[in-house]
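Reminder, nothing fancy here: chain letters follow the sequence lines and each chain counts from 1.
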There are 2 protein chains.
Amino acid sequence: MGIADRKERDKEELREKILHAAKDLFLIKGFEKTSIRNIADQIEYSPGIIYHYFRDKNEIFHALHQEGFRQLMAKMSVLASVRNPIERLKAMGSIYVSFALENPDMYDLMFIKEAPIDHVIDLEHDDWKEGGGTFNFLRGTVQESINLGYFKGHDPEALSYMIWSVVHGMVSLSIRKRCDVVLASRKDSIVSDALDEFYKIIDRL
Amino acid sequence: MGIADRKERDKEELREKILHAAKDLFLIKGFEKTSIRNIADQIEYSPGIIYHYFRDKNEIFHALHQEGFRQLMAKMSVLASVRNPIERLKAMGSIYVSFALENPDMYDLMFIKEAPIDHVIDLEHDDWKEGGGTFNFLRGTVQESINLGYFKGHDPEALSYMIWSVVHGMVSLSIRKRCDVVLASRKDSIVSDALDEFYKIIDRL
DNA sequence: TTGGATTATTAAACAGTGTTTAATTATTTT
DNA sequence: AAAATAATTAAACACTGTTTAATAATCCAA
């Protein structure tokens with residue numbers, strides 16, 4: 001079935017081209033300001049073609065969303081070798097924050113934008129659960145820490161959510177420029193400074 | 001100058017009507033999905049009139065943004081009577097979170113949406129600074145706590161940003177439905193559970 | 001009270017959006 | 001080579017924020 005295969009590959013190729021163009025444009029102009037026509041112009045096809053590869057603009061969103069999670073998980077995977085769960089926890093925080101600050105638009109897409117999460121819930125729920133996912137990695141690390149005697153009296157799941165909230169809060173306030181108003185002078189360092197404050201607290205528990 | 005006054009009042013009245021309609025619609029449909037024409041329909045005027053009262057859609061955003069901050073600050077003001085800064089800190093967290101969960105769309109507008117923050121920075125910077133503002137209230141409370149011997153070795157400003165990040169992170173992940181995917185079973189209670197975890201940590205410092 | 005200036009309001013248009021439709025071109029199968 | 005199928009497009013639809021010029025309403029001075 002070599003011919004069918006090649007056809008399949010050709011189709012996949014154009015799909016990737018659309019996705020690539022979409023990502024490029026969105027990193028420059030932002031997601032909502034990137035139009036279907038912009039993407040079509042970029043790949044030198046007519047706008048209509050995009051609807052043969054994606055149901056709507058949200059499905060492009062969703063595909064990029066998945067790619068972002070693959071990237072983040074790849075960055076996290078180096079932590080498998082860190083034995084001490086508290087050390088791993090802190091390293092996770094640093095990786096999470098640096099991923100967000102180095103790829104603010106991708107982070108925005110993954111964790112801030114409202115777009116089609118309903119869609120994501122349906123389609124990605126299984127991926128999340130079986131694939132482990134970043135949150136389960138965090139929850140596991142917290143559980144390990146508790147097993148070693150840290151975080152006494154804490155609920156592992158709620159504590160994990162709190163920890164996620166700290167790092168997400170820091171980077172999302174920064175990305176959406178909410179600290180510029182109130183912390184203009186140190187807006188470039190405040191996130192890493194605040195992360196250090198959090199590490200100090202962890203060390204004292 | 002009674003006539004000029006009345007004219008002024010009439011103008012103000014329509015301005016308020018636009019704002020009211022905009023807020024109503026936006027609470028139902030969301031901000032981006034509320035169009036100028038929708039607002040015009042609601043108040044039974046033509047779309048063009050809105051541009052005689054607001055420069056553009058962002059200026060409506062900005063007006064609602066200010067209203068939200070007035071609301072939040074009003075809720076916070078009851079805390080002036082709480083003497084113990086640690087108690088006040090925790091009460092602030094609870095008020096902040098409940099404000100966000102009770103007015104998710106308003107919170108979204110104030111702290112999550114990207115819209116015209118540049119505009120806000122220019123216009124609102126002074127309000128923020130002199131009027132105190134929520135963040136300065138937090139910073140002051142943290143400073144008071146430090147003066148009383150709490151949070152030893154911490155930088156008050158960075159610590160304040162970290163604390164803000166915790167509560168903002170919790171509610172914004174919830175509002176933007178990022179916990180639904182990963183914590184479906186307890187998505188309604190996770191925010192308050194996580195806040196409790198944070199309080200436990202504060203109590204142990 | 002009337003006429004002119006000013007102001008408030010509107011209708012219509014512009015350039016853009018996501019999406020759908022039917023028509024066209026290209027490719028594959030018979 | 002003809003018929004069937006698939007890929008691609010042009011054109012339209014109903015919407016968006018915003019601007020323009022024209023209209024309607026109001027005010028102010030003579």
Side-chain angles (χ1 to χ4, degrees), chain A residues 1-19 21-23 25-26 28-65 109 113-119, chain B residues 1-19 21-23 25-26 28-65 109 113-119:
Chain A
M1 292 288 150
I3 293 166
D5 282 3
R6 201 219 59 226
K7 281 193 67 180
E8 195 68 31
R9 259 184 289 121
D10 282 2
K11 253 195 108 166
E12 185 58 28
E13 206 174 299
L14 185 45
R15 209 190 112 95
E16 288 301 323
K17 235 167 128 175
I18 293 168
L19 232 42
K23 192 185 167 190
L25 283 171
F26 136 75
I28 302 166
K29 307 177 58 166
F31 185 77
E32 8 274 332
K33 280 179 183 167
T34 299
S35 73
I36 297 290
R37 284 171 184 80
N38 292 156
I39 300 170
D41 280 357
Q42 185 87 345
I43 59 173
E44 297 177 296
Y45 277 77
S46 78
I49 196 66
I50 287 164
Y51 291 87
H52 281 251
Y53 292 85
F54 299 93
R55 183 144 40 90
D56 52 27
K57 203 185 172 186
N58 285 342
E59 206 166 283
I60 303 177
F61 176 100
H62 178 241
L64 292 174
H65 191 265
L109 193 69
K113 288 220 146 55
E114 50 192 337
I117 268 291
D118 314 328
H119 198 222
Chain B
M1 292 291 148
I3 293 168
D5 282 5
R6 201 220 57 226
K7 281 193 66 178
E8 195 67 33
R9 258 184 288 119
D10 281 3
K11 253 195 108 165
E12 185 59 28
E13 207 173 298
L14 186 44
R15 207 191 114 96
E16 289 301 323
K17 236 167 127 174
I18 293 169
L19 232 41
K23 193 185 166 191
L25 284 171
F26 137 74
I28 302 167
K29 309 176 58 168
F31 184 76
E32 8 273 335
K33 280 179 183 167
T34 299
S35 72
I36 297 290
R37 284 171 184 79
N38 293 157
I39 300 170
D41 280 357
Q42 185 86 345
I43 60 172
E44 296 176 297
Y45 277 77
S46 79
I49 196 65
I50 287 162
Y51 291 86
H52 280 249
Y53 293 84
F54 298 94
R55 183 143 38 93
D56 52 26
K57 204 186 172 186
N58 286 342
E59 206 166 283
I60 302 177
F61 175 100
H62 178 241
L64 292 174
H65 191 264
L109 193 70
K113 289 220 146 58
E114 50 193 333
I117 268 292
D118 314 328
H119 199 222

[X] [atom1] to [N] [atom2]: how many Å, rounded?
| X | N | atom1 | atom2 | result |
| --- | --- | --- | --- | --- |
| A:Asp41 | D:dT9 | CG | C1' | 14 Å |
| A:Glu32 | D:dG17 | CD | P | 14 Å |
| B:Glu44 | C:dA11 | CD | P | 13 Å |
| B:Ile50 | C:dA11 | CD1 | P | 14 Å |
| A:Tyr53 | C:dG18 | OH | C1' | 20 Å |
| B:Ile60 | D:dT16 | CD1 | C1' | 14 Å |
| A:Tyr45 | D:dA10 | OH | P | 13 Å |
| A:Ile49 | D:dA11 | CD1 | C1' | 16 Å |

- Item | Spacing of B:Glu16 atom CD and B:Lys23 atom NZ [to the nearest 0.5 Å] |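 Between B:Glu16 CD and B:Lys23 NZ, I get 11.0 Å after rounding to 0.5 Å.
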
- Task: Record whether the side chain of A:Arg37 comes under 3.5 Å of the base of C:dG18 through a donor-acceptor pair of N or O atoms.
- Result: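 When only heavy-atom distances are counted, A:Arg37 does reach the base of C:dG18 through a donor-acceptor pair under 3.5 Å.
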
- Would you say B:Ser35 reaches D:dT16's phosphate, i.e. side-chain N/O to OP1/OP2 under 4.0 Å?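 Yes, because at least one side-chain N or O of B:Ser35 sits under 4.0 Å from OP1 or OP2 of D:dT16.
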
- Task: Return yes if some donor-acceptor pair links the side-chain N/O of A:Lys29 with the main-chain N/O of A:Ser35 below 3.5 Å, else return no.
- Result: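 Not confirmed, A:Lys29 side chain does not pair with A:Ser35 backbone.
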
- Donor-acceptor pair, A:Asp41 side chain versus A:Asn38 backbone, under 3.5 Å?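 No; judged by distance alone, with no hydrogens or angles, the pair does not exist.
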
- Message: Let me spell it out: for each of A:Gly48 and A:Asn38, pick the nucleotide of DNA chain C with the closest heavy atom. Which residue's pick is nearer the 5' end?
- Response: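 The 5'-side residue here is A:Asn38.
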
Starting the side chain at C-beta, find the nucleotide from [options] nearest to [X].
| X | options | result |
| --- | --- | --- |
| A:Leu14 | D:dT8, C:dA11, C:dT19 | D:dT8 |
| B:Lys57 | C:dT10, D:dT18, C:dG18 | D:dT18 |
| B:Ile36 | C:dG18, D:dG17, C:dT10 | D:dG17 |

- Minimum heavy-atom separation for A:Tyr45 to A:Ile49, with atom names?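 That would be CB-CG2, 3.6 Å.
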
- Query: Going through the checks in order, is the side chain to side chain contact (heavy atoms under 4.5 Å, CB included) test met by A:Leu19 and A:Arg15?
  - Reply: CA-CA 6 Å; A:Leu19 232 42; A:Arg15 209 190 112 95; 4.2 Å; yes

